[in-house]
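What follows is a short report on a single structure.
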Amino acid sequence: MKMKAITTTLLSLSMFMTASVFAADADKAKAEFEALKTEYKNSMEAATKSSDIRGGLVKACAIKYKKAVAEKILTQTEVTKLCGCSVNAEGTVTVADNWALQSAANAKNEEKIKQLQITMLKRQGDSIKKCVGTALDQKLTKLTQQAQAAATNKS
């Protein structure tokens, strides 16, 4: 569940940046998004069946940043580092974390689910930030701010 939330967030940010900054045509952007979404889904399925699941997850993660690499916004090395750090952070989710989430879901306690997700995402975010280093973290922060500003200007 947590992995899905982070993956969805990262994929959404990547696709949003791609769609808002680089796509001149809405239909083209939608087609690109759908193609990447399908490629990502297939890569995730392949990763879970692989003898190197972690490596497969890193490769799947990198798909979300193909456009950023193609447009020279991020280097392949930066993407590989970011994805490796993300996969490692996702791997720190404990069985106890999953039990707590499942218990809250079983109790239909939406507030507790949100609280647990926020706590886990913050822990993972801190781990990723530490792992990628200051330079890449600052670059990613700047890109996020630019994407947010572009979204605000479009509204």
Side-chain angles (χ1 to χ4, degrees), residues 1-95 97-98 101-102 105 113-114 116-133 135-152 154-155:
M1 182 179 238
K2 182 174 139 199
M3 182 174 156
K4 229 179 181 180
I6 286 179
T7 301
T8 301
T9 301
L10 289 172
L11 182 60
S12 296
L13 176 59
S14 176
M15 292 299 101
F16 172 75
M17 284 178 54
T18 301
S20 66
V21 177
F22 300 107
D25 175 23
D27 291 335
K28 181 180 175 186
K30 185 177 180 180
E32 287 175 0
F33 175 78
E34 291 302 322
L36 283 174
K37 191 167 116 179
T38 299
E39 183 180 0
Y40 176 76
K41 180 183 173 202
N42 292 340
S43 186
M44 285 296 289
E45 288 174 8
T48 61
K49 297 173 185 172
S50 171
S51 60
D52 178 16
I53 294 173
R54 184 193 177 284
L57 292 173
V58 171
K59 286 178 186 173
C61 172
I63 291 168
K64 298 177 285 189
Y65 300 99
K66 280 176 105 173
K67 186 79 169 182
V69 172
E71 298 291 332
K72 299 187 185 328
I73 294 169
L74 293 171
T75 66
Q76 189 60 52
T77 302
E78 290 170 330
V79 169
T80 301
K81 178 71 172 174
L82 173 60
C83 289
C85 292
S86 295
V87 169
N88 288 342
E90 290 168 11
T92 63
V93 176
T94 66
V95 173
D97 292 333
N98 287 325
L101 273 173
Q102 189 61 51
I113 292 169
K114 287 178 189 175
L116 290 166
Q117 288 175 331
I118 289 169
T119 300
M120 286 190 290
L121 288 172
K122 181 173 179 356
R123 189 173 61 218
Q124 285 182 340
D126 292 345
S127 175
I128 293 168
K129 188 174 184 173
K130 188 180 205 181
C131 178
V132 298
L136 183 53
D137 177 54
Q138 289 174 347
K139 185 174 185 176
L140 294 169
T141 299
K142 183 179 177 183
L143 290 170
T144 300
Q145 291 168 344
Q146 289 172 345
Q148 290 169 338
T152 302
K154 276 192 155 190
S155 299

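Residues Gln146 and Ile73 are not in side-chain contact: their nearest non-hydrogen atoms beyond the backbone lie 4.5 Å or more apart. Counting heavy atoms from C-beta on, the side chains of Glu78 and Leu140 never come closer than 4.5 Å. The shortest side-chain heavy-atom distance between Ile53 and Thr48 does not fall under the 4.5 Å cut-off.
Considering NZ of Lys30 and NZ of Lys37, their distance stands at 9.5 Å, rounded to 0.5 Å. In this structure, NZ on Lys66 lies 10.0 Å from CD on Gln76, to the nearest 0.5 angstrom. Distance check, rounded to the nearest 0.5 Å: CD of Gln145 to CD of Gln148 gives 7.0 Å. Here the straight-line distance linking atom CD1 of Ile128 with atom CD of Glu90 works out to 7.0 Å at 0.5 Å rounding. Taking CG of Leu121 as the reference point, atom CG of Leu116 lies at 11.0 Å (rounded to 0.5 Å). One distance of note links CE of Met120 with CD of Gln117; it measures 6.5 Å at 0.5 Å rounding.
Of all the heavy atoms in Thr92 and Asp97, the pair that sits closest is O-OD2, 4.2 Å. The two residues Ala62 and Cys83 come nearest to each other via the heavy atoms N-SG, 3.4 Å. The two atoms that bring Ile113 and Leu101 nearest to each other are O-CD2, 4.1 Å, heavy atoms only. Taking both residues in full, the closest heavy atoms of Arg54 and Gly84 are given as NH2-O, 3.5 Å, listed atom of the first, atom of the second, then distance.
Listed for the Ser50 side chain is no donor-acceptor partner under 3.5 Å among the backbone atoms of Ala46. Of the possible polar contacts, none joining the Asn98 side chain to the Val95 backbone as a donor-acceptor pair under 3.5 Å is found. The closest donor-acceptor contact from the side chain of Ser127 to the backbone of Arg123 lies at 3.5 Å or more, if one exists at all.
Using a cutoff of 4.0 Å between basic side-chain nitrogens and carboxylate oxygens, Lys122 and Asp126 are scored as salt-bridged.
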For side-chain contact (heavy atoms from CB on, under 4.5 Å), just list the numbers for Lys81 and Cys131, CA-CA rounded to whole Å, side-chain angles, deciding distance to a tenth of an Å, and then say yes or no. CA-CA 8 Å; Lys81 178 71 172 174; Cys131 178; 4.3 Å; yes
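Other residues, nucleotides and ligands contribute only 12 or fewer heavy atoms inside 6.0 Å of the NZ atom of Lys129.
Checked against Ser43 for a side chain to side chain contact (heavy atoms under 4.5 Å, CB included), the options Ile63, Thr38, Leu57 give a single hit: Ile63.
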